[in-house]
Trainee: 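Mind having a look at this structure? Questions to follow.
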Amino acid sequence: MMQEGLDDGPDFLSEEDRGPRAVNVDLEMDATLQVDISDALSERDKVKFTVHTKSTLPNFKQNEFSVVRQHEEFIWLHDSFVENEDYAGYIIPPAPPRPDFDASREKLQKLGEGEGSMTKEEFTKMKQELEAEYLAIFKKTVAMHEVFLCRVAAHPILRKDLNFHVFLEYNQDLSVRGKNKKEKLEDFFKNVVKSADGVLVAGVKDVDDFFEHEKTFLLEYHNRVKDASAKCDRMIRSHKNAADDMNRIASSLYTLGTQDSTDLCKFFLKVSELFEKTRKIEARVAADEDLKLADLLKYYLRESQAAKDLLYRRSRGLVDYENANKALDKARAKNRDVLQAETNQQLCCHKFEKISESAKQELIDFKTRRVAAFRKNLVELAELELKHAKGNLQLLQSCVGVLKGNT
Amino acid sequence: MASSADRNPPPFPASEEPQPELSDMAEGDSDEGEDIFVSNSHPASVSRGVSQPEEPADLFSEEATTTAKPNGVHSDDDDLFAEAQADLSSDPSSDSTRKDLSSSSGPPSARSPAALQPTSLEQVPPLTKLLRNPQTPAGNHLHRHLRLPVPICHVLFLFKPKCLNCFGFRFCINVALCVAAGRRRGQGYFRCGCCCHQPRESRRWDECICGLQSIHQGVYFKALMFNSGCEVLCSHSPSFPRVLLQTSLPMFKSKAFTARRRFSDFLGLYEKLSAKQSLHGCIIPPPPEKSVVGMTKVKVGMDDPSSVEFVEKRRAALERYLQRIVSHPLLLQDPDVREFLERDDLPRAVNTQALSGAGFLKMITKASDAVSKMTIKMNESDTWFEDKFQEVDMEEQQLRKLHAVVDSLVNHRKELCMNTAVFAKSMAMLGNSEDNTALSRALSQLAEVEDKMEQLHQEQAGSDFFIFAELLADYIRLLGAVRGCFDQRVRAWQRWQEAQSTLQKKREAEAKLLWANKPDKLQQAKEEIAEWEAKVTQYERDFDRIGMTVRKEVLRFEKEKAKDFKSQIIKYLEAMLQSQQRLIKFWEAFLPEAKAIA
């Protein structure tokens, strides 16, 4: 498993298992196309990912190759999928979130400013902590990007996309510029239109029971996952805060303990040690919860959004089909442009059916994937909680035993 | 604590009996002893039986049980000791001592025999044993009479009535009076939040119906030194509401009694004690602070959890305050303390109010003290004091820092608690909307686990606060008191120096008069000089004495502190331990559910 809680050193690169590091997604990797992110470099503003591909497919020039990509290029790839009409019937794997080191950077800065007011040990300790945090965020963002690529590679249709191949292979800069202001504004309007449309389209009752059911289900599910994800984040944050506090308690006790060499001071030293270790465990618990629970929820938030988008596209197709039907009838009645209307109608019908078919399959897959992922993560969450709690318990027991024995 | 050999029993006037025996008595105290309840049902001692059967009535009529007893301690001191002596010589079986007492209750027979129970110091069982045995005949007997056993001693605060089940909030405090008051006012009984949903059952005395056992064990208000013969217990059980002051000291009128006190009474006690004892250099434990915000909320009658917490916090703090006072051998002998514990109605301590005349006076004296401290620097002949002072200062600073951090831990845990609760609900909703049944079930289970975790976190926060944070806060205040102690010594030195300089001036005046040859004034001058010389010697002696007392006090304080810290921190760690165990249970229950998802 890629992220085993907070590992102490910056050992990101030394990870042994390079198998499918699919955190939240169960994928079968077949040898024809394997993609992973072998390296990542964090510069001041951006993160550079090294995408490594192993493939036996004929259209690639080599069997194994690597390119360096940035976050914007991933987004470009995702958007190209979304805009491609052919893929309207598939759930497009959600785009990875932007790497966000702001919070961590802020904290590091504050630490630097407050350097004078703390003792040397405190300072080094806090610095280590912050660095570990930074590293954890970094690892997570790399994982997200990788999962996106793996999903695309595993999808039977999407993996054949030309853009994808270019993304994987093209050595030089794709020169994907980020959207400039005009385009961002366009996007914004498009979104507004889309959501208005979505509301209209959602009102259309679907003939097919399956899709109707899915629509209501997904809507509700999406909202609840959003809620749960936000609350999970808050909970984990306060957990981390509590663990941080224990760290400070440990250092305070340590200073108290080093005042003197009386019995009481030795007692304090021992307790301070205990707090340190307990805190490490608590921090791990928080990190694991974050990983297994919060990330899971976040991922499925995005996936359910993608599924909703699929349904929207399908409904849109349905509406278009129905409109084409009406237009055809009108044309037949007026006996004008019949052929055009007919071809149009045929097109819409064909499109709609294609979407429906693949959508059904996709949605069923989505369900199975979801259940499997939840199962895996919940089981792992429970096991990790137990492991940490037992460790904590043992620690406390031994410490209390020693303390009682001494007094 | 000074060994029993050093300790002198309360200095009763005109007491000629050899004192040491009392201290011997005191040592054997802890494990054996007469069951005070049992003794009451014993026919031989019914007459003096602390009139236990009548006590309940007395109790509820809010008069201290002392009303049945005609004589106060102070007038009958010799006889008291005489009796005590007699008993000591008798053989330690309960019956025989009782018989002795009844036979020897000659002249002082009118006096409350209850006060004599102390004789059976060796035979007084720790109340714990007593309480674990609700089957004692006396217990049932009392039960019959009153549906509540006799509360031995209460120190109660006039707060809102408390839960009948667990007799308190988390830190149970006796409430019998309030319950009785409730009855009298025709109101129903009350239950605290933790007990509201529980069926009424009888529980062991140290188990709360809420299952929050560790916290509910009540506070052992136990005087550490059995030498002082005073065991003050506070335990919690549906049958025994309580702060029990079981005393074997002859100086208390009765063996067990209760009194109602207001918060200002506690402050008043502190004022009186500091005025008197601090002159001798004792360390007076300071009471908890006033809090305008907290009290107004309570008075306004707002029922939110923060005011409940405030009440609890204050109650626990006052209990610890009393415990410290009572465990201090010198303070325990102070008549003010006894009066505080015994009298029905203390005169209202008006001078503790912030805006009173006395309050202003206090502020002014404090200011002037501060100024004088700055101006006069004492030349320290004894470096021990200086070193200690520095140590105390540093320690206080560090405790303050630690306290701040623990406070923030408490806040974060409370936050965690809230967030976990909210998350649990949202998880439950998610589970509802999930259509795969196994997953849906697992998610609802997860929601339940998170709910239980929330409770765990809440308890943990409580223990963080009440065990750890309050310990630190107490000691910060105590260290302040220690500093006050040192200041007293400096002041004594200043007095001495001033007296010396006045003496010098008088001598110079005398010399001048001699030279000016005015014989009548000369006489006066000589008298004054003699007077001042005496003062100087006295002040010097005072100073030395204070110095010694301060030393002793500080050593005693440090020992106490070490013990206190160790025991409290161990308690805190044990609470953490227990919560981890429960956490393990919760997650173990969840794991199979998670694995069962198909």
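Per chain, numbering begins at 1; letters A, B, ... match sequence-line order.
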Trainee: Hey, which of A:R224, A:H213, A:K390, A:E220 has the most heavy atom pairs under 4.5 Å with chain B?
Mentor: A:R224
Trainee: First locate atom CG of A:L264, then atom NZ of B:K561, and finally report the distance between them rounded to the nearest 0.5 Å.
Mentor: 6.0 Å
Trainee: Looking at B:L573, B:L583, B:D435, which makes the most heavy-atom pairs under 4.5 Å with chain A?
Mentor: B:D435
Trainee: Would you please test A:R370 and B:E434 for salt bridge (Lys or Arg N to Asp or Glu O under 4.0 Å) and show each step?
Mentor: CA-CA 10 Å; A:R370 187 177 75 232; B:E434 174 66 58; 2.6 Å; yes
Trainee: Side chains of B:H412 and A:S238, heavy atoms from C-beta outward: is any pair under 4.5 Å?
Mentor: no
Trainee: Working to the nearest 0.5 angstrom, can you tell me the gap between A:E385 CD and B:F590 CZ?
Mentor: 10.0 Å
Trainee: Answer with side chain, backbone, both or neither: which region of A:F217 has an atom nearer than 4.5 Å to a non-hydrogen atom of chain B?
Mentor: side chain
Trainee: Which of the residues B:M418, B:E588, B:E558 is involved in the greatest number of heavy-atom pairs with chain A at under 4.5 angstrom?
Mentor: B:E588
Trainee: Looking at chain B, which one of A:D263, A:D227, A:I249, A:I236 has the largest number of heavy-atom pairs inside 4.5 Å, strictly under?
Mentor: A:I249
Trainee: Name the region of A:V271, side chain, backbone, both or neither, that has any atom closer than 4.5 Å to a heavy atom of chain B.
Mentor: side chain
Trainee: Should the pair B:H457 and A:H239 be assigned to parallel (<30°), tilted (30 to 60°) or perpendicular (>60°) ring geometry?
Mentor: perpendicular
Trainee: Name the region of A:L274, side chain, backbone, both or neither, that has any atom closer than 4.5 Å to a heavy atom of chain B.
Mentor: side chain
Trainee: A:L293 versus B:F423: any side-chain heavy-atom pair under 4.5 Å?
Mentor: yes
Trainee: How long is the span from the CZ atom in B:R582 to the CG atom in A:L393, to the nearest 0.5 Å?
Mentor: 13.5 Å
Trainee: Is any side-chain heavy atom of A:V400 closer than 4.5 Å to one of B:E574?
Mentor: yes
Trainee: Considering only heavy atoms from C-beta outward, does the side chain of B:N419 approach that of A:K231 to under 4.5 Å?
Mentor: no
Trainee: For A:A242, does its backbone N or O pair with a side-chain atom of B:R413 as donor and acceptor, under 3.5 Å?
Mentor: no
Trainee: Please say whether more than 12 non-hydrogen atoms of neighbouring residues, nucleotides or ligands are located less than 6.0 Å from OH in A:Y254.
Mentor: no
Trainee: Using a cut-off of under 4.5 Å on heavy-atom pairs, state which of B:L591, B:L399, B:L577 scores highest against chain A.
Mentor: B:L577
Trainee: So what's closer than 4.5 Å to chain B heavy atoms on A:V379: side chain, backbone, both or neither?
Mentor: both
Trainee: Can you tell me which portion of A:T278 sits under 4.5 Å from chain B's heavy atoms? Options are side chain, backbone, both or neither.
Mentor: side chain
Trainee: Given a strict heavy-atom distance threshold of 4.5 Å, which part of A:L395 is in contact with chain B: side chain, backbone, both, or neither?
Mentor: neither
Trainee: Under 3.5 Å, which donor-acceptor pairs link side chains of residues 442-452 of chain B to any protein atom two or more places apart or in another chain?
Mentor:
from   : atom 1 : to     : atom 2 : distance (Å)
B:S444 : OG     : B:S440 : O      : 2.7
B:Q445 : NE2    : B:E593 : OE2    : 3.4

Trainee: What distance do B:K401 atom NZ and A:L253 atom CG have between them, rounded to the nearest 0.5 Å?
Mentor: 11.5 Å
Trainee: Let me confirm one number: the CG-OG distance from A:N223 to B:S426, rounded to the nearest 0.5 Å.
Mentor: 11.5 Å
Trainee: Below 4.5 Å, heavy atoms only, C-beta onward: do A:F374 and B:N436 meet side chain to side chain?
Mentor: no
Trainee: Which distance, rounded to the nearest 0.5 Å, do you find between the NE2 of A:H388 and the CD of B:Q580?
Mentor: 11.5 Å
Trainee: Strictly by salt bridge (Lys or Arg N to Asp or Glu O under 4.0 Å), give each pair with a member in residues 245-258 of chain A just once, sequence neighbours left out.
Mentor: A:D245-A:R248
Trainee: Shorter than 4.5 Å, heavy atoms on both sides: which option in B:M427, B:Q398, B:K425 has the most such pairs with chain A?
Mentor: B:Q398
Trainee: Return the orientation label for the A:F275 and B:Y572 ring planes: parallel under 30°, perpendicular over 60°, tilted otherwise.
Mentor: parallel
